[in-house]
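Proteins come first, then strands; the chains are lettered A, B, ... in the order of their sequence lines, and each starts at number 1.
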Amino acid sequence: MPRSDESAYLPRKIEVKWRKIWEETGAHITPEQSSRPKYYCLDMFPYPSGSGLHVGHWRGYVLSDVWARYKKLQGFNVLHPMGWDSFGLPAENDAIKKQIHPEICVRRNIDNMKRQLMEIGAMYDWNREINTSSPEYYRWTQWIFIQMYNQGLAYRKEMPVNWCPKDKTVLANEEVIDGRCERCQTKVTKRQLPQWMLRITAYAERLLSDLDKLDWPEKVKLMQRNWIGRSEGATIIFNLISASGETHNLQVFTTRPDTLFGATYVVLAPEHPLVKNITGVGQRKSVEDYVRESLEKSELERTQVTREKTGVFTGAMAVNPVNGSRVPVWVADYVLAHYGSGAIMAVPAHDQRDFEFARKYELPVVEVISSNQAVRDANGYLLQAYEGEGVMINSGCFDGLPSEKGKRKVVEWLKERNLGDFTVTYKLRDWIFSRQRYWGEPIPIVYCEKCGEVPVPEKNLPVLLPRVEKYQPSGTGQSPLATIPEFVNTQCPGCASPAKRETDTMPQWAGSSWYFLRYPNPHLKDAPFDRQTVDKWLPVDCYIGGVEHAILHLLYARFFTKVLYDLGYLSFDEPFARLFNQGMVCKYSEKTGKLEKMSKSKGNVVNPDPLVEQYGTDTVRVYELFIGPPELDSEWSDQGIEGVYRFLHRAWKWVLSAKEHLVSGEKEDQEVKRQIHRLTFRVTERLEGFKFNTAISSFMEFLNFALTAERIKAGFCLETVERFLILLSPFAPHLAEELWEKTNHQSSIFTAKWPDYDRSLLEAETVEIAVQVNGKVRDTLMINKGEKESLVLEKVLALESVKRQIGEKKVVKHVFIPDRIVNLVVK
RNA sequence: GCGAGGGUGGCGGAAUUGGCAGACGCGCUGGACUUAGGAUCCAGUGCCGCAAGGCAUGAGAGUUCAAAUCUCUCCCCUCGCACCA
């Protein structure tokens, strides 16, 4: 144990001390006015959970704080804020579980989490703290909704929607993962309900193409691209002749217009509006039964790829516009109502799904693309659909065209006759924006008998969420707000007649879709943000958070930003210039017997509080980074932290002993200079590359070099110690600040300047090269840097080990790479 | 099924314009100091072997003076998407 307080590293003591000083001096307050260039370093803000932060959450926050402090030392005016995503299901479900009103529960959780965040010692500017469930904030969330409404980007529609029976609310498509609720994994069912929707599909093209200008992980960009799911093809109009002889136009979407001559039947989705109009008397019962059964099935059941396809004939026929042939019209649930036009032309020869269906129901298969790649049986019949390129056959005047060219020609032919056109389709669907829950922003719409749907005037915002006793979800398809007459009954803002409020609330993702615009001007009273201010700070220079938000949050935030840009409120249309996803922290779970992401349900969470108590913040910070590459998942080990604790003790010890034996710059050993410049170079380079784990090991290497009795006796100059401390300060800010003070510095280390390095000092005068014989290392040799080939070769041949290896054999060749290697090829 | 990423000591992980594989840390072994050591310091630590030496980056082939790194074939793991016409 340490003997005296003066010389001992007592992390808790200095951490408490410096946090107090930093607070008193306003060290972390980002000035409004500054001559320095701006840097916006943003964490994905947390929702206030009841279980608090675990070491996995810490990782992202430490990462961003190290980065923010580094940027500050580089001379940037850094904005590094924090807040609370406190509306929505996670917060509300926690409240219901604990039987505490969400408002109180959220307050408590925030208090606890804020205390934990404080323990990280991050340079958050708490004056800018925001909270999405406070009326001062959600007033502006509602305001944005109204702007969208006025643009026709928010609309109400009755439709079958995803319903989570456990959470008793509707979910967005993005919130349904493998047919289950993203939050509670309950199987999602369907319900027909009127819903508020946001027309995100209007931005599909820009959300897709603007990905190209973002410095984001390719993986995330790819996920968004796939989610938006652009595909180019054609809309083709088929004439439908119902069983009773009426005709209807039917649009189908296809990406393979070149296979039009091979369409041997047409399929409508069960939900398709024409189904009931075209069905024949004889088919009525079977079609109605089929449609009903399909609608009862969950999305999960319907989209099982492995499931055998089913369908029924409607009695109607469709006329192929290109050759007039009549083909049967079927209803089948392998066709999705919400994609394309909800109807397809089926080409079994060139689409595997159609092929399987045609086989089952004995529908004809007509090949129209010829290729020797197709898989056939002995008789020449297709064994599976051929989906590749080829030459058009059985296609009238298009015969002989390559399929790629045929795609265009066929559509042009149809277009001339008003029978079709080129079409782009997206998988992306409009965003279901209503939730039948209490804890969210009330949707600011009023229903008047005379005026209909009326947005709440901006001056009347916010529509306050009423305080109620009963906030549990009702399960009726209406939010608990519907049971509160004082809330529901109101006056029409237009004509003052009695009116009723919308009682649905917004989803969890509403507040987080624009919070980054609020931090630069968090206290603004008369607007969500000030254009000049946000234009100055945004886009966010570095956004750090988990990859789990790759689609939901990041897509929504981009959408909101683009809408506000189009409305002229912003002069940038992408919110996050650079994105970094930190890997998850995993730990072995006793419950599952596997290495799992930390979660309460898996019983493998590690609470940072006792670690901070035992080792101090700086140790936990450094260990979080040392554990592995930041972008990869890593395994938490309780033992490993000891090594980092030792490292910080050694750093402490080295600085204090170096301080006792300071020498002038000229008197410092040249090797020391080389090592500290090398450390500067490495730490800078590794920070820039987000290789924080190896940045830390370079400090350890330096200490292994510097912390020996001889080196300390020989002495270090003050500049060397200063360099070391500044380099270390983003990682271990409290320790660095304390040692900065102990080495007689008056002002904070974070007002210092990040050191440069001298390239000419990085390399030594002599280098060790490897000596190989036939590609195997047999010895090493010290040579002067840049020593000539002939000289080196002479030395190599003189080595005993080399002589032994050559023996009776002859050197037939040698390879010389200056300052690295000599390889002798002997035979 | 499609797409992306990844397989390196007992463990976490270093090293890719091809150039000494295993930096750094954990753990382990031995030693010093000690009443004591779960503190600290010193030494050692990929595997086999007394040694010389041999073998080693998921498996197998190839290119090369030289391969964790490049090429091909295959296996395994993780993540994302999954009837999107």
With rounding to the closest Å, how many angstrom separate the [atom1] atoms on [N] and [M]?
| N | M | atom1 | result |
| --- | --- | --- | --- |
| B/U16 | B/A68 | C1' | 8 Å |
| B/G27 | B/U17 | C1' | 37 Å |
| B/U45 | B/A52 | P | 14 Å |
| B/G5 | B/C70 | P | 12 Å |
| B/U40 | B/A4 | P | 48 Å |
| B/U71 | B/G6 | P | 13 Å |

Which part of the nucleic acid, if any, lies within reach of [X] when heavy atoms closer than 4.0 Å are counted: base, sugar-phosphate only, or nothing?
| X | value |
| --- | --- |
| A/Val547 | nothing |
| A/Asp354 | nothing |
| A/Arg682 | nothing |

Charged N to carboxylate O under 4.0 angstrom, A/Glu685 versus A/Lys691?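 No.
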Roughly, in whole Å, what's the span from [atom1] in [X] to [atom2] in [N]?
| X | N | atom1 | atom2 | answer |
| --- | --- | --- | --- | --- |
| A/Leu428 | B/C81 | CG | P | 14 Å |
| A/Trp227 | B/A4 | CH2 | P | 20 Å |
| A/Phe699 | B/G25 | CZ | C1' | 15 Å |

Residue [X], side-chain atoms from C-beta onward, closest of [options]:
| X | options | result |
| --- | --- | --- |
| A/Arg650 | B/C41, B/A85, B/G13 | B/C41 |
| A/Tyr334 | B/C83, B/A14, B/G25 | B/C83 |
| A/Leu222 | B/G3, B/C24, B/G13 | B/G3 |
| A/Arg646 | B/C41, B/C26, B/G54 | B/C26 |
| A/Lys309 | B/G13, B/C55, B/C83 | B/C83 |

Would A/Tyr645 and A/His649 count as a close aromatic pair, with their ring centres under 6.0 Å?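 Yes - the distance between ring centres of A/Tyr645 and A/His649 falls below the 6.0 Å cut-off.
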Could you check, using the six-membered ring where one of them is a Trp, whether A/Phe647 and A/Trp652 have ring centers closer than 6.0 angstrom?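 Between A/Trp652 and A/Phe647, which both carry aromatic rings, the centre distance is not below 6.0 Å.
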Looking at [X], does any N or O in its side chain come under 4.0 Å of the phosphate oxygens OP1/OP2 on [N]?
| X | N | value |
| --- | --- | --- |
| A/Asn774 | B/A66 | no |
| A/Arg225 | B/G80 | no |
| A/Lys427 | B/C83 | no |
| A/Ser698 | B/A23 | no |
| A/Tyr339 | B/A85 | yes |
| A/Asn704 | B/G25 | yes |

Knowing that exactly one of A/Val777, A/Val796, A/Thr780, A/Val792 qualifies, which makes a side chain to side chain contact (heavy atoms under 4.5 Å, CB included) with A/Val771? A/Val796
All N/O pairs under 3.5 Å across the protein-nucleotides 46-50 of chain B interface:
none

Atom pairs, protein N/O to nucleotides 15-20 of chain B N/O, distance under 3.5 Å:
from: B/G19; atom 1: O2'; to: A/Arg820; atom 2: NE; distance (Å): 3.4
from: B/C20; atom 1: N4; to: A/Glu768; atom 2: O; distance (Å): 3.3
from: B/C20; atom 1: N4; to: A/Glu768; atom 2: OE1; distance (Å): 2.8

Do A/Trp58 and A/Tyr623 pass the ring-ring contact (aromatic ring centres under 6.0 Å, His included) test, and can you show the C-alpha distance, the side-chain angles, and the key distance before you say yes or no? CA-CA 11 Å; A/Trp58 258 66; A/Tyr623 185 58; over 10 Å; no
If you assign each of A/Ala337 and A/Ile627 to its closest nucleotide in RNA chain B, which residue comes earlier from the 5' end? A/Ile627
Between the side chains of A/His338 and A/Glu271, is a donor N or O closer than 3.5 angstrom to an acceptor N or O?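 No, no side-chain donor-acceptor pair sits under 3.5 Å.
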Atom CG in A/Leu727, atom CD1 in A/Ile676: separation rounded to 0.5 Å?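 Reported value, rounded in 0.5 Å steps: 6.5 Å.
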Spatial distance of atom CG (A/Asn581) from atom CG (A/Leu554) [nearest 0.5 Å]: 7.5 Å
Confirm from the modelled atom types if A/Lys219 and B/C79 form a donor-acceptor pair under 3.5 Å, side chain to base only. no
Angle between ring planes, A/Tyr361 versus A/Phe357, binned at 30° and 60°: parallel, tilted or perpendicular?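 Rings of A/Tyr361 and A/Phe357: tilted, as their planes differ by 30° to 60°.
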Between A/His549 and A/His553, what is the ring plane arrangement, given parallel below 30°, perpendicular above 60°, and tilted in between? perpendicular
Can you tell me which residue pairs pass the side-chain hydrogen bond (donor to acceptor under 3.5 Å, both in side chains) test with a partner in residues 220-232 of chain A, sequence neighbours excluded?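 For residues 220-232 of chain A: A/Glu174-A/Trp227, A/Glu205-A/Arg230, A/Asp212-A/Arg225, A/Gln224-A/Arg558, A/Arg230-A/Glu232, A/Ser231-A/Tyr339.
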B/G62, syn or anti by chi within 90 degrees of zero: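 Here B/G62 takes the anti form, which means its glycosidic angle is more than 90° from 0.
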